[in-house]
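Below is one structure, written out as structure tokens, with a few remarks after it.
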Amino acid sequence: MPWVDPRKLITDARAGKYAIGAFNMHNDETTEALVLAAEEAEAPVFLQVGRAIVPHMGLRRAFEMTKRIAENSNASFVIHLDHGPWEECLEAIKLGLNSIMYDGAHLPFEDNIKTTRRIVEIAHDFGIPVEAELGKIPDAGESVNWEDYYTDVGEAKRFVEETGVDYLAISVGIVHGVVPGVKPQPLAIKRTLEIRDAVGIPLVLHGASGIPEDEVEAAKAAGVHKFNADTDLRHAFRAGMEAVWSKGDAQLETAMAEGRKRMIAATVEKMKLYGCAGKAPAKR
């Protein structure tokens, strides 16, 4: 399938009150799982080159792997750089990724505005939309004062006005990862609504693994139109491999095939939950 326009995907999701799933790849098998799930669910998908795979194989190799597998599928896809630092964003633009997230959230607010604005200017010259992040997202299991982590409404408004970003990732109670048995922090839906009304652009939630279904629905209604999820899908892949090896020795390929099968099923469920199943542009 040809690549799809990420702006149109998010615009359509906003109009239809659903969200697009954005998922990370880690190797050939997990990439295949994502595109096969997109085919099965007839859903568009953001294939995310994320923070685990880049140190493992480098941005170029990760992109080339994703591009090869996606272009040989029937999936409707975007290849997106997730949490990219400055130099990596520039490399992603040169390589041909068609969506990027510049992560300057660790910088002082004024520096985040300045660097994000420049990345937006460069990316927009190439027709590439930019996602950015405001607020801090803790790791699962951390004990934090959430008011110190939530995205500030006034800062979000100013940030969007001065940078021109296309989508804003926010912190409203989400965490990176999942700790089994630990109940997640409820999402701050009221804060999400306030940010939506202040910024006027689509919102993104990272760390969407483990969010209860009712909160996913509430977040969509509050302006979230892209969910990033990885941990739940990795756990499904891992469970498949462990199920094979629990029966005795087996080839790595046999274990990965079962992992891929289970990751496909888990991804399809996410796509149905987000409301993007059946929304692939070519399938309308």
Side-chain angles (χ1 to χ4, degrees), residues 3-25 34 37-38 41 43-51 66 75-84 89 92 97-103 105 116 120 123 128-135 137 151 156 159-160 163 165-176 187 189 191-193 195-196 199-211 213 215-233 267 269-281:
W3 299 46
V4 293
D5 179 359
R7 284 191 181 93
K8 186 174 188 326
L9 290 185
I10 299 296
T11 297
D12 288 351
R14 193 179 189 185
K17 295 181 171 49
Y18 60 90
I20 309 295
F23 311 112
N24 293 4
M25 304 78 58
L34 298 181
V45 63
F46 276 72
L47 302 172
Q48 295 200 146
V49 178
R51 301 325 310 150
T66 307
S76 299
F77 65 91
V78 170
I79 303 183
H80 173 81
L81 176 67
D82 189 35
H83 287 286
C89 286
L97 283 79
N98 63 335
S99 178
I100 63 172
M101 181 212 173
Y102 169 65
D103 189 355
T116 302
V120 168
I128 299 170
V130 177
E131 175 187 330
E133 181 176 274
L134 269 187
I137 302 176
T151 301
F159 183 83
V160 169
T163 63
V165 293
D166 300 278
Y167 326 117
L168 184 67
I170 60 172
S171 175
V172 287
I174 50 176
V175 297
H176 284 303
L187 295 183
I189 297 300
R191 178 68 63 96
T192 306
L193 286 164
I195 296 169
R196 179 199 68 185
V199 302
I201 64 172
L203 304 178
V204 180
L205 281 189
H206 290 207
S209 290
I211 298 178
E213 291 187 12
E215 293 190 7
V216 169
E217 295 299 331
K220 288 189 292 184
V224 174
H225 299 295
K226 177 174 175 278
F227 285 99
N228 289 18
D230 178 52
T231 304
D232 286 344
L233 307 188
T267 306
E269 288 306 306
K270 293 289 186 191
M271 291 168 165
K272 291 177 179 177
L273 176 60
Y274 300 159
C276 59
K279 300 295 197 302

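We're numbering straight along the sequence, starting at 1. Being a predicted model, the structure only gives us computed values, none of them experimental.
Within the model, atoms CD of Gln48 and NZ of Lys226 stand 4.5 Å from one another, a figure rounded to the nearest 0.5 Å. In this structure, Ile20 CD1 and His80 NE2 are separated by 13.0 Å, a value rounded to the nearest 0.5 Å. A distance of 3.5 Å separates OG1 in Thr116 from CZ in Phe159, rounded to the nearest 0.5 Å. Taken from CD in Glu217 to CD1 in Ile211, the straight-line distance is 12.0 Å, to the nearest 0.5 Å. Here CD1 of Ile195 is found 4.0 Å from CD1 of Ile170. Values are rounded to the nearest 0.5 Å. For the atom pair Asn24 CG and Leu47 CG, the distance stands at 10.0 Å (nearest 0.5 Å).
Between Pro202 and Thr11, the closest side-chain pair of non-hydrogen atoms is not below 4.5 Å. Annotation: side chain of Ile201 is in contact with side chain of Leu168 (closest heavy-atom distance under 4.5 Å). Contact check for Leu205 versus Leu187: side-chain heavy atoms found under the 4.5 Å cut-off. Contact annotation: the side chain of Ile79 approaches that of Val49 to within less than 4.5 Å [non-hydrogen atoms, C-beta and beyond].
Between Phe227 and Tyr274, the ring-plane angle classifies as parallel under the 30° and 60° cut-offs. Classified by interplanar angle (parallel below 30°, tilted 30° to 60°, perpendicular above 60°), the ring pair Phe77/Trp3 is tilted.
Between Ala169 and His206, the closest heavy-atom pair is CB-NE2, 3.6 Å. A pairwise comparison of heavy atoms in Cys276 and Gly21 identifies SG-N, 4.0 Å as the closest pair. The shortest heavy-atom contact between Val45 and Ala38 is CG1-CB, 3.9 Å. Nearest heavy-atom pair across Ala132 and Val165 is CB-CG1, 3.8 Å. Listed here is the closest heavy atom pair of Pro44 and Ala280: CD-N, 3.6 Å. Across all their heavy atoms, Arg14 and Gly200 have their closest contact at NH2-O, 2.9 Å.
Checking each of Pro129, Pro6, Ser99 against Asp166 for a side chain to side chain contact (heavy atoms under 4.5 Å, CB included) leaves exactly one that passes, namely Pro129. The side chain to side chain contact (heavy atoms under 4.5 Å, CB included) test with Leu233 is passed by exactly one of Met25, Lys270, Glu269: Lys270.
Arg196 contributes a side-chain N or O that, together with a main-chain N or O of Ala221, makes up a donor-acceptor pair within less than 3.5 Å. Although no hydrogens or angles enter the test, the distance criterion places a donor-acceptor pair under 3.5 Å between the side chain of Asp232 and the main chain of Gly210. A donor-acceptor distance shorter than 3.5 angstrom exists from the side chain of Thr151 to the backbone of Ser171, with no hydrogens or angles considered. Side-chain N or O atoms of His225 include none that pairs as donor or acceptor with a backbone N or O of Leu203 at under 3.5 Å. Side chain of Asn98 to backbone of Val4: a donor-acceptor contact under 3.5 angstrom is found. Judged purely by atom type and a 3.5 angstrom limit, Thr267 has no side-chain atom pairing as donor or acceptor with the backbone of Leu34.
Asp12 and Lys279 are not joined by a salt bridge, as no carboxylate oxygen comes within less than 4.0 angstrom of a charged side-chain nitrogen.
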